[in-house]
Q: 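One structure, pasted below without further comment.
Reckoned from all heavy atoms, side chains included, excluding hydrogens, waters and symmetry mates.
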Amino acid sequence: MSKIVIVDYGMGNLRSVEKALQQIAPLQSIKVTSNPELIRSAERIVFPGQGAMPDCMRELHRLGLTDVLIDCAKNKPFLGICLGLQMLFEHSEEGNTSALGLFKGEVVRFKEDHLFDEEGKRLKIPHMGWNQVKQSTYHPLWKSIPDQSRFYFVHSYYVREKEAVVMGTADYPTPFTCAVGQDNIFAVQFHPEKSAAVGLALLDNFVQWKP
Amino acid sequence: MTLAKRIIPCLDVNAGRVVKGVNFVGLKDAGDPVEIAKRYDEQGADEVTFLDITASSDERGLILPIIEHVSSQVFIPLTVGGGVRQVEDVRTLLNVGADKVSINTAAIMNPQLIADAAQRFGSQCIVVAIDAKRANTPSGFGVFTHGGRKETGLDAIEWAERCYKLGAGELLITSMDRDGTKSGFDLELTKKISESVGIPIIASGGVGTLQHLLDGIELGGADAVLAASIFHYGEYTVREAKAYLRDHGIEVRL
């Protein structure tokens, strides 16, 4: 049985996530798979995602992974990353896509017309680079990570939650939710696997997390 | 509090070694790619870019194990470019651990490649590299290939806008007039492109001092600045560059 499973549904690059986990948990079995049985039997689930939401959801359905993901998200440590955060919500503006619906709320695009910094300079989409994350709620996954640490982001859409517990926010230029958590789920918009020491610390906290 | 401006050291790789030359000629050996990337990561680089300038096609595959090694040891974004011709090449590079792939000449020959690659892998990992030079075009800047020797007839600003519309996630703008000269970025070029597209711009070509990095951000409107030789030869560390920017009021990750 694999301890940690990285859910592979053929979209984007999962090697970075795998390599970062190997770095912090060299003795644990880490598997990248689309096999529903392996996912179901794992101890911990990492659910990454890149690219376009409609394609990701289509592939999850095609591979028959939606039910197993919803089940796993209810009963074992579950870490969503980037689109793996967005897909936990009900709906995305991107291609008018229905998602997994574990959290109430929707995924919306940064509005080009509203993106100006204090000096009136236009902000770019995607929101790409290192931004500070305000830890709004205490959570074991923030352990030993200083508040306002910078994590690496690259995304054009963000979640607008209704009920989920907000664990972190970032400003672009106004605050948006970049981490949510509830029971055994923790999900982030940024990429811990590409966020140097603080990112590895978050992954390490996840590997040790006993919700 | 806002998004930090990025400093990106660039490693030109020739047949598996890091090299540096002036205007793409007179290449000098600058060391082992894995060691150099690790050093930059330790100094606080925000990303690292690898540009494969290997001329012979049978030696070009040598970059793959390098990226594989680097991505197992360095946990910041890695961009790889050079010799990317088709969607399959993008996939190969992503599979060995690249986070973004930069496309240059092949995008000029076949702009649909940008759209196809962005559609398949997401805009976030598609960088279009534009080598520009002052020329007799509407904006005064033309797009060049072959290390600045071959004029394409494209206007640099129009091409940048087209890349943006086709789905590029970021543009890497290199002034071929300035590359290797240490006389600073072409700020007019950087600013014109940064103002005409809604995606992040990386300024490149010509950095010789820390002031040049600051100018690229403040005057050129760049979201990120890329430099090679000032870091390779130990003139400045990435950390010194960031401290300099911070002291001049720029948000950086320190």
Side-chain angles (χ1 to χ4, degrees), chain A residues 10-20 22-24 49-53 55-56 82-83 110 112-113 115 117-119 121-134 148-156 169-173 175 191-200 203, chain B residues 1-8 41-42 44-47 67-78 90-91 93-101 118-125 127 164 167 169-171 194-195 197-202 217-218 221-224 249 251-254:
Chain A
M11 295 296 299
N13 176 15
L14 307 177
R15 293 300 297 275
S16 301
V17 179
E18 184 187 14
K19 285 175 173 175
Q22 282 166 348
Q23 172 83 4
I24 51 127
Q50 271 188 351
M53 168 86 94
D55 298 340
C56 288
C82 195
L83 248 69
F110 286 114
E112 246 120 4
D113 315 345
L115 286 184
D117 67 10
E118 306 95 6
E119 293 165 10
K121 278 189 191 149
R122 175 184 189 183
L123 298 175
K124 305 297 183 71
I125 303 172
H127 170 231
M128 183 188 286
W130 299 77
N131 207 339
Q132 286 179 299
V133 173
K134 180 171 183 285
Q148 304 285 4
S149 291
R150 287 186 186 273
F151 287 86
Y152 184 77
F153 287 83
V154 50
H155 62 121
S156 304
T169 61
D171 295 349
Y172 197 63
H191 289 269
E193 76 281 11
K194 284 287 146 185
S195 295
V198 292
L200 295 181
L203 292 174
Chain B
M1 272 173 309
T2 182
L3 190 62
K5 300 295 178 186
R6 290 170 280 153
I7 294 191
I8 308 176
D41 175 35
E42 285 156 12
D46 296 308
E47 300 183 23
I67 302 305
E68 175 104 47
H69 272 109
V70 173
S71 64
S72 315
Q73 297 177 52
V74 173
F75 299 99
I76 56 176
L78 306 175
V90 177
R91 203 172 83 102
L93 288 168
L94 294 176
N95 280 343
V96 293
D99 300 289
K100 307 182 206 177
V101 171
Q119 169 71 32
R120 174 111 175 254
F121 308 107
S123 286
Q124 83 288 336
C125 64
V127 182
Y164 166 47
E170 197 174 31
L171 299 178
S194 183
E195 285 175 349
V197 299
I199 48 177
I201 297 297
I202 307 166
I217 293 165
E218 279 204 323
D223 302 282
E251 288 270 352
V252 290
R253 176 180 73 108
L254 272 173

Q: Quick one about B/Thr2 and A/Asp171 (side-chain donor to acceptor, distance below 3.5 Å, no hydrogens or angles considered), yes or no?
A: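 Not at all, the side chains of A/Asp171 and B/Thr2 share no donor-acceptor pair under 3.5 Å.
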
Q: Ion pair present between B/Glu251 and A/Arg150, side-chain N to carboxylate O less than 4.0 angstrom?
A: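 Between A/Arg150 and B/Glu251 there is a salt bridge, with a charged N closer than 4.0 Å to a carboxylate O.
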
Q: Where on B/Ser194 is there a heavy atom nearer than 4.5 Å to chain A: the side chain, the backbone, both, or neither?
A: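 Both parts, backbone and side chain.
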
Q: Is B/Glu195 close to chain A through its backbone or its side chain, or both, or neither, when contacts mean heavy atoms under 4.5 Å?
A: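 For B/Glu195, backbone heavy atoms alone lie under 4.5 Å from chain A.
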
Q: Hey, which of B/Ser71, B/Ser123, B/Gly122 has the most heavy atom pairs under 4.5 Å with chain A?
A: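 Most pairs with chain A among the choices: B/Ser71.
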
Q: Among B/Ala224, B/Pro77, B/Ala118, B/Gly221, which residue has the highest count of heavy-atom pairs closer than 4.5 Å to chain A?
A: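 Looking at each option in turn, the highest pair count goes to B/Pro77.
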
Q: Sort B/Asp46 into side chain, backbone, both or neither according to what part of it lies under 4.5 angstrom from a heavy atom of chain A.
A: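 Both the backbone and the side chain of B/Asp46 come within 4.5 Å of chain A.
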
Q: Decide, yes or no, whether a salt bridge links B/Glu47 with B/Arg6 under the criterion of side-chain N to carboxylate O below 4.0 Å.
A: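 So B/Glu47 pairs with B/Arg6 through a salt bridge.
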
Q: Highest number of heavy-atom pairs under 4.5 Å with chain A: which of B/Val96, B/Val197, B/Leu78?
A: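 Highest number of pairs under 4.5 Å: B/Val197.
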
Q: Taking every heavy-atom pair that is under 4.5 Å apart, which of A/Ala20, A/Ser149, A/Ala197 has the most such pairs with chain B?
A: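 Of A/Ala20, A/Ser149, A/Ala197, A/Ala20 has the most heavy-atom pairs under 4.5 Å with chain B.
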
Q: Return the minimal non-hydrogen interatomic distance between A/Lys124 and B/Ile199, and the atom names on each side.
A: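 Minimum heavy-atom separation between A/Lys124 and B/Ile199: NZ-O, 3.2 Å.
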
Q: Just how far is it from atom CG of B/Asp99 to atom SG of B/Cys125, taken to the nearest 0.5 Å?
A: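 Rounded to the nearest 0.5 Å, the CG-SG separation comes out at 9.0 Å.
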
Q: Sub-3.5 Å donor-acceptor pair from the side chain of B/Asp41 to the main-chain atoms of B/Val74, do we have one?
A: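 The answer is no, because no donor-acceptor pair under 3.5 Å joins these two groups.
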
